[in-house]
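Following: one structure in structure tokens, then a few remarks.
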Amino acid sequence: MTDAAAPLARTGAPLAWARSLPLTGKLGLALVLLWLAVAALGPALAPHAVGAFVSPEVFARPGAAHWLGTDYLGRDVLSRLLSGARYTVGLALAAALLASGTGTALALLAAVGGRWLDEGLSRLMDTLISIPSKIFALVLVAAFGSSLPLLLLVAAVTYVPGAYRIARSMAVGLYQMDYVQVARARGEGRLYVARAEILPNMVGPLLADFGLRFVFIVLLLSGLSFLGLGVQPPDADLGSLVRENISGLPEGASAILAPALAIASLTVGANLLIDAVSGKGRR
Amino acid sequence: MPAPGTAVPGIGYHVEVSGLRITAPRPDSGEAVIVHDVSFAIPRGGVLALIGESGSGKTTIALSLMGHARPGLRIAGGTVRVGGTDVLSLDAAGLSALRGARVAYIAQSAAAAFNPSRAIMDQVVEAAVLHGLMSRAEAEAKAVALFRSLALPDPESIGRRYPHQLSGGQLQRLMAAMALVTGPELVILDEPTTALDVTTQVEVLHAFKRAVREQGATAVYVSHDLAVVAQMADRILVLNQGRVREQGPASQVLKAPADDYTRTLVDAARPAARPAAPAAADRAALLEVRGLTAGYGRVGADGMPAVPILRDVSLSLRRGGTLGVIGESGSGKSTLARVIAGLVRPSGGQVLFDGAPLPPGLEGRAKDQFRRIQLVFQNADTALNPAHTVAGVLGRPLGFYHGLDRAARERRVRELLDLTRLPAAVAGRRCGELSGGQKQRVNLARALAAGPDLLLCDEVTSALDTVVGAAILELMAELRRELGLAYLFISHDISTVRATCDEVLVLYGGTVVEAGGRDAFRRAPFHPYTDLLVGSVPELEPGWLERRRAGAPVPSLPGPPGAGLCRFLPRCPVRLAGTCDRVPPPRRRLSAGNETLCHHDEDTLMRLQATRAEAAC
Ligand SMILES: Nc1ncnc2c1ncn2[C@@H]1O[C@H](COP(=O)(O)OP(=O)(O)OP(=O)(O)O)[C@@H](O)[C@H]1O
Ligand code: SF4
Ligand SMILES: [Mg+2]
């Protein structure tokens, strides 16, 4: 897997790299890039303000005036989708970065820090991983009320142990390599060993793992929002869009289909990309 | 009687290869030729050796005898006939029948060929039964007979064991049994002993030779080791970059090589003794190890680690000197280097460097102590970080120890590359993109970048071809003269050690069984284990194997020896019942200046080893 990520970092030719992906990988990459662009530019592209009531008709079908129809209050679905994606993608990205970053840092610490630190950290992570994530999130949200920082924290904490486990098993394996032993025998500090000798050889698999965590977090956040515990009105992420338009389900309103499809295409796209990248490395 | 391999051309050969051409199609048009127009023939019952460096196409040619081309290769032309069958024109079913019954292949690593979860016997007879050549009972009877002729212990019951319960040498012989059980007419042996210790290698070679001869099979023996080939083959074919350089009867190729390349190979196989270092004026020891005990795992209440490896090891190495450490796999050679480097904490004893005690672990060592002791690992593939460039690898110690700035580092990196005979262009390459020999040079250059006084060299040439390895040894000798380095030179190959080192230390089961100047290791008397080692190194002379086996092997005792007793006791051919199994052996100094750990005194050892030498002649 290292090899798969290497060309990206090494030659600085992302185009050639993208071209080398299999078809499903290209599709995944396109979907992921599309959603990243939407998250970055969405509100600027939106034809209407997020909260504006623009039509007297609720659950309008898609048409020239409202490309994706209107929602249960007569708001423009496309505009709400474009700004909702920012919450979902942004929050999930931030939480995944936090989870993978923390997990990796702790894993490196465990690998170079000696037996006691390793034992301590690993037991702590085992404890965390045994708490069911949804229940944990529900309890925290119930106790403190929902807010963006809290959601970020919940999502990150939920996925740190998984990231830690994967990164630790890699780091501990790499720590036994001769080149690491040579560096230690040279008198190098632990931080140098972790940063310069171990970390560069973990990047490929870590990227794949990061993608996976991102998908999990999108689903977790959407689930929370669907239960009404996620992003709070008047803001809305993709999950809350599905929830608030649930009454349109019997008539198959585009107001509920569009955000549901958005979540699906984002997660499926990310999954396809990860599979392509890690599959390529395996071959 | 003429040797079977010297049959006159024109008479029906058993295996005939002519104009064989194997290519590797490249995606961007054109193709690389891996094997150029190779032809040879072997009479029935003959043994042909294919010899050459790695990458010379030995295995590729050997596999083509079974009609097989490795993925990415294509047999582009020529014919291969085995017993009248045109192998290259066979269809898949024909090939499968050929490989199952008539041609057998014995690969380098037996461990990889066995399924760890099935009993040995099931795997040995599988092919014979599957191809319907014989019934299960017949196959098993044949297998037991083969186990016996391969000199395996307990031939009746060894088939019930599992792979992990057997040693590497035993597995290698069992793989031969697996290959021979179908009674193949052609046996291909691809470096079958390269992964084994010398003492094991002799047994295995002997067993192979006998089994192949008893079967009346024709054999192709692939190896890079000329001395081994000299024992096994009637004819030798020398390959270089996919071309035949020379072929002829074994004794002619070895004694009077006609080709320059063959001469290089023969020379590399006989390491020339390098002059001993000039007896330096200051004889003060640079490195001194006293009563070292070390191992792995938790240290128990008695101060011994859970897996004790080194026991009471002492040595001394003077400035600019070279000390060779030999012993078989698992004897603790690498552990010794690790303890000195600080990677493994000793549980007892002391390491003195330049007169001052070294802190036992990495903690507490001064930067300068780190700088002066550098470690060079055996396997350059794993010793260099694949994520770093050569310039990065070499630049780090320069910055770390000497605080050189960027420009000075770059200059010094160029000097180091030059010193280790590497082109300056490799500086920008990643370590994974170098050849084996180049990697080992970078590995050395990194150690030199520190400006050390002592290099701990752990099997630096073991993973390399003879020719490339000889070049590395040459380079190390030069560096030593120029820079006054001292080497702790770890190897399992006594002839390399004798040729490169001033002093030699023999480890067996973590104890020093013999130590002394290198001249003491040329002539008997030796410690009984050293004797076994010395006697196991194949000589570049046909017939050596038969002569050396004149003495019958001693049955080995089961189980490890009791505490304090001689570690070699279970395998010792000259053990004294009642003494060796009761009393710990004493250290004795012999007249050649070497010290042994054995109950036998000098005269007895001399007598024992002299009679053996006579019996051999
Ligand atoms: N980290 C470890 N934990 C436990 N046992 C170990 C460890 N490293 C090595 N050993 C064991 O210590 C013994 C000696 O190992 P060592 O590597 O020193 O042998 P060696 O003489 O260098 O062998 P080789 O020629 O195969 O390199 C072996 O039995 C090995 O299995
Ligand atoms: S002490 Fe006894 S067992 Fe050990 S090497 Fe000497 S003779 Fe053999
Ligand atoms: Mg070793």
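Letters A, B, ... mirror the listed sequences (proteins, then strands); counts begin at 1.
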Requested in this report: Over all heavy atoms of both residues, which pair between B/F370 and A/R186 is shortest? Give the atoms and the distance, please.
Outcome: CB-O, 3.4 Å
**Report entry** A/L124, CG: over 12 other non-hydrogen atoms inside 6.0 angstrom
**Finding:** yes
Requested in this report: Validate the cation-pi geometry between B/R446 and A/Y179: distance from NZ or CZ to the six-membered ring centre under 6.0 Å, angle to the ring axis within 45°.
Outcome: no
Query raised in the report: Considering all heavy atoms of both residues, which atom of A/D178 and which atom of B/A383 are nearest to each other, and what is their separation?
Result: CB-CA, 3.7 Å
Report task. Measure distances from B/R396 to the heavy atoms of chain A and classify the residue's part below 4.5 Å as side chain, backbone, both or neither. Result -> side chain
Report summary line: Rounded to the nearest 0.5 Å, the CG atom of B/L362 sits from the CD atom of A/Q181 at a distance of 8.5 Å
Query raised in the report: Closest heavy-atom contact between B/N385 and A/A196?
Result: ND2-O, 3.8 Å
Query raised in the report: Between CE of A/M177 and CG of B/L384, what distance do you get to the nearest 0.5 Å?
Result: 10.5 Å
Query raised in the report: Has B/R406 got more than 12 heavy atoms of other residues, nucleotides or ligands less than 6.0 Å from its CZ?
Result: no
Query raised in the report: Considering all heavy atoms of both residues, which atom of A/N201 and which atom of B/P386 are nearest to each other, and what is their separation?
Result: OD1-CG, 3.5 Å
